[in-house]
There are 2 protein chains.
Amino acid sequence: MEEALRPHGLGATQWYILHQLATIGPTMQRELAPLLQIERATVSIIVSALVRKGLVEQVPSDLDQRQKLLRLTPAGTGLWGELPDLAFIHDEAFSDFSDADLETTARVLRAATERLNHRLKGKKA
Amino acid sequence: MEEALRPHGLGATQWYILHQLATIGPTMQRELAPLLQIERATVSIIVSALVRKGLVEQVPSDLDQRQKLLRLTPAGTGLWGELPDLAFIHDEAFSDFSDADLETTARVLRAATERLNHRLKGKKA
DNA sequence: GACAATATGTTTGATAGCTAACATTTATGT
DNA sequence: ACATAAATGTTAGCTATCAAACATATTGTC
């Protein structure tokens, strides 16, 4: 994935934000953190990079001066059109396993993750 | 994991290198890249951080002036003694799943990873 | 021995992520 | 209305990665 994007100077998370803006449309910056499951601060930095490259605009909202609406610039729309189709990654990677195997895998990873979270939170308290 | 280490100002990879030096003993820097499955350059940066903190020494080899032997300093040994036991993470996270479930999980993830690698390499050529 | 190839480590300049602290702005509570 | 709390975004400083270019040192080959 990184390899397909590198020639265009993009990283995976930058791609995902462009994907959001190109597919769903203009989006509040606020919404990206829960969507991508990363911190507000990280969103801020990555959006800055996209703005610096002239691919995305931050338009302050009229109703709430804190919030900024993100929108593709013409250059951003143009570049999006040139990008290869990366959706296959999510679709094909797991395509020919049985549903049972996929369910098992998801269950094991989910349970292990939760177990570690509980354990670490316990240690902290 | 990061949380348990943060009070000591260490990251996961730094911890792993200390673990290697404390458990196995002095190690050539060269060996760490394949061991941790990261790049030479990354090893160099992380080792630099440990050296800067005074926890690790880089001793140039006599036989081959390029190679550097990594060794804990007294401060490094001391800090290692104060660190909580993090080995439980590797041991307990997956401890009460059946072997069959673990095998399925490993197989699915391994195959998916390989498939993506092939796909991306194919695209590049 | 001399020259080319390989191995080792570092540096530079990216992306990506985190926490903590801060400024603004909006919303709440009394 | 006024003070306090919560939401939003940014910045600073850190870890972790990578690729590409570079400096040395060691090994091969001729």
Side-chain angles (χ1 to χ4, degrees), chain A residues 1-20 27-53 55-71 83 86 117 120-121 124, chain B residues 1-20 27-53 55-71 83 86 117 120-121 124:
Chain A
M1 176 141 185
E2 320 290 324
E3 278 140 272
L5 260 19
R6 201 171 314 128
H8 301 271
L10 288 176
T13 308
Q14 295 183 14
W15 173 85
Y16 196 93
I17 292 179
L18 294 184
H19 169 76
Q20 169 74 18
T27 306
M28 287 295 177
Q29 181 167 330
R30 201 185 87 240
E31 301 175 55
L32 290 182
L35 216 55
L36 309 190
Q37 307 202 57
I38 58 181
E39 292 302 310
R40 272 199 328 280
T42 306
V43 173
S44 182
I45 289 166
I46 297 173
V47 169
S48 294
L50 291 170
V51 170
R52 174 167 38 85
K53 294 175 187 171
L55 303 174
V56 168
E57 280 177 323
Q58 288 178 305
V59 185
S61 161
D62 285 338
L63 302 176
D64 186 337
Q65 294 297 130
R66 291 171 303 186
Q67 300 185 38
K68 297 181 178 175
L69 184 71
L70 304 182
R71 184 211 294 162
L83 288 179
L86 258 28
N117 279 339
L120 288 169
K121 277 184 184 136
K124 231 180 8 176
Chain B
M1 178 144 182
E2 322 289 326
E3 278 139 272
L5 259 20
R6 199 171 318 127
H8 302 272
L10 287 176
T13 309
Q14 294 182 12
W15 173 84
Y16 196 93
I17 292 179
L18 293 185
H19 169 76
Q20 169 74 18
T27 306
M28 287 295 177
Q29 181 168 331
R30 201 185 89 241
E31 300 175 56
L32 291 182
L35 216 55
L36 309 190
Q37 306 204 57
I38 57 180
E39 292 302 309
R40 275 202 321 282
T42 306
V43 173
S44 182
I45 288 166
I46 297 174
V47 168
S48 296
L50 291 170
V51 169
R52 174 168 38 84
K53 294 174 188 171
L55 303 175
V56 168
E57 281 176 324
Q58 288 178 304
V59 186
S61 161
D62 284 340
L63 301 177
D64 186 337
Q65 293 298 127
R66 290 171 305 185
Q67 300 185 37
K68 297 180 178 177
L69 184 71
L70 303 182
R71 184 210 295 162
L83 289 180
L86 257 28
N117 279 338
L120 288 169
K121 277 183 183 138
K124 237 185 354 184

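In what follows, every chain begins at residue 1, and chains take the letters A, B, ... in the order their sequences are listed. No hydrogens, no waters, no symmetry mates; every other heavy atom, side chains included, goes into these values.
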A/Gln14 or A/Ser61, whichever maps to the more 5' nucleotide of DNA chain C: A/Gln14
Non-neighbouring partners of B/Gln67 that pass side-chain hydrogen bond (donor to acceptor under 3.5 Å, both in side chains), sequence neighbours left out: B/Arg30, B/Asp64
Atom-to-atom span, CD1 of A/Ile46 to C1' of C/dA14 - whole angstrom: 13 Å
Heavy-atom protein contacts under 4.0 Å, nucleotides 4-11 of chain C, coded B base, S sugar-phosphate only, - none: ---BBBBB
Spacing of A/Leu10 atom CG relative to D/dA19 atom P, expressed in whole Å: 17 Å
Side chain to side chain contact (heavy atoms under 4.5 Å, CB included) between B/Leu10 and B/Leu55, intermediate numbers included: CA-CA 11 Å; B/Leu10 287 176; B/Leu55 303 175; 4.2 Å; yes
Side-chain touch A/Leu36/A/Ile17, heavy atoms, less than 4.5 angstrom: yes
Separation of atom CG in A/Leu32 from atom C1' in D/dT10, rounded to whole Å: 15 Å
d(CH2, A/Trp15; P, C/dA16) in whole Å: 12 Å
Straight-line distance of B/Leu35 CG to B/Thr27 OG1, nearest 0.5 Å: 8.0 Å
Sugar-phosphate only, base, or nothing, as touched by B/Leu63 at under 4.0 Å among non-hydrogen atoms: sugar-phosphate
Length of the CD-P vector between B/Gln65 and D/dA23, whole Å: 19 Å
DNA chain C: 5'-proximal contact among A/Asp62 and A/Ile38 (nearest heavy atom): A/Ile38
A/Thr13 side chain near C/dT15 phosphate (N/O to OP1/OP2, under 4.0 Å): no
Spacing of A/Met28 atom CE and A/Leu70 atom CG [to the nearest 0.5 Å]: 9.0 Å
Separation of D/dA12 P from A/Glu39 CD (nearest whole Å): 19 Å
Contacts of B/Glu57 that satisfy salt bridge (charged side-chain N to carboxylate O under 4.0 Å, His left out) - sequence neighbours left out: B/Arg71
